Protein chains: 2
Amino acid sequence: MQITSRLTVAAHTLAVIEYFKNAKVTSDFIASSVGVNPVVIRRILLQLKDAGLIDVARGSGGATLKKQPRDITLLDIYRAVDCVEEGGLFHFHEKPNPDCPVGGRIHQALDKSLAKAQQAMEESLSQTTLADILKTFAPA
Amino acid sequence: MQITSRLTVAAHTLAVIEYFKNAKVTSDFIASSVGVNPVVIRRILLQLKDAGLIDVARGSGGATLKKQPRDITLLDIYRAVDCVEEGGLFHFHEKPNPDCPVGGRIHQALDKSLAKAQQAMEESLSQTTLADILKTFAPA
DNA sequence: TCAGTTGTAATCAGAAAGGTTACAACAATT
DNA sequence: AATTGTTGTAACCTTTCTGATTACAACTGA
């Protein structure tokens, strides 16, 4: 089981928007670079727009960054595209037996450690910015 | 999208095995504490056994820890039950366009950061042991 | 008005998880 | 040796979630 590819698709999308910022970057264009259906890209553009990371021109078309690449982190993207729902990264089994001394307190016993692990991952994501990612594509 | 509940089920399972170690702990008994089907527990017991964390008595029945609770970490459990496949925690979109300057190098641009995030999470999981978890169930 | 795009709904197929049934293999007990 | 309880394992089903795809209304600029 893995985290949705929406994170890598969204990061790819933002990289394309910035790399080709002198042209009109449409969902079709992005889709051809990412290799997915344009509608998938549009849905992600919507999420990135809702998160305040980009502007999308309705009608005329084209997406542009709303913030500097150095001010957009992987964590921002991760959160924007809802990789993980409210319940957290780890999925708890839902029916532990409340009448069992272990089952009744298993949540309490695990939640803190799992939350820490999730935070550690998010903290790590927050240390990479879109600017870092774009360095890979910079002309030599 | 979330990580399989196998991690929490497996941790719950090990806690039950240790907490009730003076009795015979069968898959049916564990299943009633966890609140899932006994076959699900058996599948997980198999994985924990393959990982060298427990012994399972075929025929007569009952599972026992093979290591000290302090020597079993959440990371050991996480790895034992295959929460994440080889490809890593993050799922990469599979068909980036190799002919696009961005699509052709997006993997290279993201892989290191994503691997770091995954490692940060695993490192955090490795800091909690079964002994820590059992403290919650210790008699007052 | 027209052409090109975005926003969005609806539907589909495929994958993966967990639930469930069933039963052979096995070990201890009688 | 037969019985009993349990594990190992296959098979099948249902549910859920992506992402793919089609379709089309809404919108913008030329």
Side-chain angles (χ1 to χ4, degrees), chain A residues 1-10 12-13 16-17 20 23-32 34-51 54-64 78 81-87 89-96, chain B residues 1-10 12-13 16-17 20 23-32 34-51 54-64 78 81-87 89-96:
Chain A
M1 193 177 257
Q2 295 183 303
I3 289 180
T4 311
S5 64
R6 280 202 297 275
L7 173 58
T8 59
V9 171
H12 189 155
T13 293
V16 168
I17 291 173
F20 295 101
K24 183 166 81 165
V25 182
T26 67
S27 59
D28 271 36
F29 180 76
I30 299 168
S32 77
V34 177
V36 300
N37 194 285
V39 176
V40 173
I41 296 296
R42 282 186 221 145
R43 286 199 275 247
I44 283 174
L45 288 176
L46 274 262
Q47 292 184 297
L48 294 173
K49 186 176 73 172
D50 288 345
I54 62 173
D55 281 315
V56 181
R58 176 156 207 177
S60 56
T64 51
Y78 170 89
V81 297
D82 280 331
C83 287
V84 159
E85 46 262 69
E86 298 174 16
L89 176 63
F90 299 96
H91 180 46
F92 224 101
H93 51 292
E94 290 167 11
K95 299 172 296 186
Chain B
M1 195 176 258
Q2 295 182 302
I3 289 180
T4 311
S5 65
R6 278 202 298 273
L7 173 59
T8 59
V9 170
H12 188 154
T13 294
V16 168
I17 291 173
F20 294 103
K24 183 167 80 166
V25 183
T26 67
S27 58
D28 271 37
F29 180 76
I30 299 168
S32 78
V34 177
V36 301
N37 193 285
V39 176
V40 174
I41 296 297
R42 282 186 223 146
R43 287 198 273 244
I44 284 175
L45 288 177
L46 273 263
Q47 291 184 297
L48 294 173
K49 186 176 75 172
D50 287 345
I54 62 173
D55 281 314
V56 181
R58 178 155 207 180
S60 56
T64 50
Y78 170 89
V81 297
D82 281 330
C83 288
V84 159
E85 46 262 71
E86 298 174 17
L89 176 63
F90 299 97
H91 182 185
F92 224 100
H93 51 291
E94 291 167 10
K95 298 172 296 187

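Naming convention: chains lettered A, B, ... in sequence-line order (proteins, then strands); numbering from 1 in each chain. It should be emphasised that the depicted structure is a prediction, and the values quoted were computed from it without experimental measurement.
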query = Roughly, in whole Å, what's the span from CZ in B/Phe92 to P in D/dG19?
reply = 13 Å

ask   = Of B/Lys95 and B/Leu45, whose closest DNA chain D nucleotide lies nearer the 5' terminus?
value = B/Leu45

task = Figure out the CG/C1' separation between A/Asp50 and C/dT8, and round it to whole Å.
result = 13 Å

Using a cutoff of under 3.5 Å, can you pull out all pairs of nitrogen or oxygen atoms linking the protein to nucleotides 27-30 of chain D, with atom names and distances?
none

task = Figure out the CZ/P separation between A/Arg43 and C/dA10, and round it to whole Å.
result = 13 Å

request  = Go through B/Ile44 and B/Gln47 one step at a time and tell me if the side-chain contact (heavy atoms from CB on, under 4.5 Å) criterion holds.
outcome  = CA-CA 5 Å; B/Ile44 284 175; B/Gln47 291 184 297; 4.2 Å; yes

inquiry  = Heavy atoms from C-beta onward define the side chain here; which of D/dA20, D/dG8, D/dG5 lies closest to that of A/Val36?
reply    = D/dA20

inquiry  = Could you tell me how far apart B/Arg42 (CZ) and D/dT6 (P) are, to the nearest whole angstrom?
reply    = 10 Å

inquiry  = With a 4.0 Å cutoff (strictly under), does any side-chain N or O of B/Lys49 reach OP1 or OP2 of D/dT7?
reply    = no

inquiry  = Taking the minimum atom-to-atom distance to the side chain of B/Leu46, which one of C/dT5, D/dG19, D/dG8 wins?
reply    = D/dG8

message = Expressed as a whole number of angstroms, how long is the span from A/His91:NE2 to C/dA16:P?
response = 17 Å

request  = Let me know the distance between CD of A/Gln47 and C1' of C/dT6, rounded to the nearest Å.
outcome  = 15 Å

key: Gap between atoms CG and P, on A/Asn37 and C/dA13 respectively (whole Å)   = 16 Å

query = Can you check whether B/Arg6 has a side-chain N or O nearer than 4.0 Å to OP1 or OP2 of C/dG18?
reply = yes

N or O in side chain of B/Ser27 less than 4.0 angstrom from D/dT7 OP1/OP2 = yes

request  = Check B/Asp28 against B/Pro38 and note the closest heavy-atom contact, atom names and distance.
outcome  = OD1-CB, 3.5 Å

remark   = Sequence neighbours excluded, the answer for side-chain contact (heavy atoms from CB on, under 4.5 Å) partners of A/Lys24 is A/Thr26

Integer-rounded Å distance: D/dT7 P and B/Asp28 CG = 7 Å

query = Should A/Ile41 and A/Val9 be marked as a side-chain contact (heavy atoms from CB on, under 4.5 Å) after you check the CA-CA gap, both sets of side-chain angles, and the distance that decides it?
reply = CA-CA 8 Å; A/Ile41 296 296; A/Val9 171; 4.0 Å; yes

ask   = With sequence neighbours excluded, what pairs up with A/Arg43 under the side chain to side chain donor-acceptor pair (under 3.5 Å) test?
value = none

query = Within the structure shown, what part of the strands sits under 4.0 Å from A/Val56 by heavy-atom distance: base, sugar-phosphate, or nothing?
reply = sugar-phosphate

message = Could you walk me through whether A/His93 and B/Thr8 satisfy the side chain to side chain donor-acceptor pair (under 3.5 Å) test, starting with their C-alpha distance in whole Å, then the side-chain angles of each, then the deciding distance to 0.1 Å, before giving a yes or no?
response = CA-CA 7 Å; A/His93 51 292; B/Thr8 59; 2.9 Å; yes

query = Can you check whether B/Leu45 reaches B/Val25 side chain to side chain, under 4.5 Å on heavy atoms?
reply = no

